[in-house]
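See below for the structure under consideration.
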Amino acid sequence: MSNIYAVYGASGFGREVMPLARKMLPGDNDAKLVFIDDGKAGEIYNGYEVIGFENFLRSDQTIKKVCLAIADSSIRKELFDKLEESQVEHWSVFAQNVVILDGCRIGENSVLAPFVTLTSNISVGKSFHANLYSYVGHDCVIGDFVTFAPGVKCNGNVKIEDNVYIGSGAIIKQGKPGKPLVIGEGAAISMGAIVSKNVPAGALVVATPSKKMQRKERLGG
Ligand code: UDP
């Protein structure tokens, strides 16, 4: 009985996930590892074959597992449902240096990138993406299809509802036990934002962008 494993998405994020996926397969000498990408079938990326989803389904291997590595959460949701309909197994990929402390539950088909930390008593829904150096503090509750760009600092007692996107380097203030800080469904937080109070569903929170200053001809002296 042989297995085929796939990283769905052969674009930027998928190519970052593939080496982590490979590291999860020691000892499975018969395993085949490929990209699935409906727009890039037939190509080779970093030595891995790219096949379309229909061809993946037709492959001979008896066990088929797929990790969704596409940043856009609405595409992830669509593909997640397609995997279920096709009875393909969900596959979570975690970097080897991820830290997960006590009492955490992480939903299926999630990706935790290198240097991610989840502390204690955290509940995470399906298809969570936590990119490089992100952390999640104690007692957080995270919904389905949530995406953290690199370096998100999510402090304790925060509730993040489904389909929320949090940009690189954003800081989410700690909530209180029994009164979490809530980021509502489908909200998007821009990179570098400091979120210190509840965010309504669907809202877009934008941090102050950088500003060009007048530069003196000669600095100092
Ligand atoms: N894609 C796909 N099937 C779909 C939707 C998207 O194979 O139904 C692929 C698409 O061809 C692209 C990748 O997913 O190669 C998404 O890449 P993108 O650069 O948009 O995002 P990222 O790498 O940041 O997730």
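Note: hydrogens, waters and symmetry copies are ignored here, and every other heavy atom, side chains too, is used. Positions are given from 1 along the sequence. In each ligand, atom 1 is the first atom listed, and ligand 1 is the first ligand listed. Since the structure is predicted, the reported quantities are computational estimates derived from the model, not experimental observations.
Counting protein heavy atoms under 4.0 angstrom from atom 17 (O) of ligand 1 gives one or more.
Nearest heavy-atom pair across Asn109 and His90 is ND2-ND1, 3.0 Å.
Nearest protein heavy-atom neighbour of atom 6 (C) of ligand 1: Ile70 CD1, 4.0 Å. Among all protein heavy atoms, the one lying closest to atom 25 (O) of ligand 1 is Ala71 N, 2.7 Å. With hydrogens left out, the protein atom closest to atom 11 (O) of ligand 1 is Asp37 OD1, 2.6 Å, a heavy atom. Atom 4 (C) of ligand 1 has Asp38 OD2, 3.7 Å as its closest protein atom, hydrogens excluded (heavy atom only). Of the protein's non-hydrogen atoms, the one nearest atom 20 (O) of ligand 1 is Ser11 OG, 4.9 Å.
Atom-to-atom distance recorded for Phe145:CZ and Lys126:NZ is 5.0 Å, nearest 0.5 angstrom. Rounded to the nearest 0.5 Å, atoms CD1 (Ile189) and OG1 (Thr147) are 12.5 Å apart.
Annotation: Ile36 places no N or O atom under 3.5 Å from an N or O atom of ligand 1; distance criterion only. The shortest N/O to N/O separation between Phe13 and ligand 1 falls below 3.5 Å. Residue Ile75 places no N or O, backbone or side chain, under 3.5 Å from any N or O of ligand 1.
A donor-acceptor contact shorter than 3.5 Å links the side chain of Asp162 to the backbone of Asp144. Distance alone, capped at 3.5 Å, is enough to place a donor-acceptor pair between the Glu161 side chain and the Glu185 backbone. Of the possible donor and acceptor atoms, one in the side chain of Ser190 sits under 3.5 Å from a partner among the backbone N and O of Ala207. Judged by distance alone, with hydrogens and angles left aside, the side-chain atoms of Asp38 form a donor-acceptor pair with the main-chain N or O of Phe53 at under 3.5 Å.
Tested against Tyr48 for a side chain to side chain donor-acceptor pair (under 3.5 Å), the candidates Arg22, Arg15, Lys32 yield a single pass: Arg22.
Within the 4.0 Å heavy-atom criterion, neither part of Glu78 lies near ligand 1. Neither the backbone nor the side chain of Asp72 has a heavy atom within less than 4.0 Å of ligand 1.
Near Lys40, the atoms of ligand 1 lying under 4.0 angstrom from a non-hydrogen atom of the residue are 15 (O). Counting the atoms of ligand 1 from 1 in the order shown, those under 4.0 Å from a heavy atom of Gly12 are 23 (O). Within ligand 1, counting atoms from 1 as listed, the ones closer than 4.0 Å to a heavy atom of Leu79 are 8 (O).
For Met191, the CE atom counts as loosely surrounded, since its 6.0 Å shell holds 12 or fewer non-hydrogen atoms of other residues, nucleotides or ligands.
Residue contacts with ligand 1 include Tyr8, since one of its heavy atoms falls under 4.0 Å from the ligand.
Cluster annotation: Ile51 is not connected to Phe35 through the hydrophobic network of ILVMFWY side chains, with a link wherever side-chain heavy atoms come within less than 4.5 Å.
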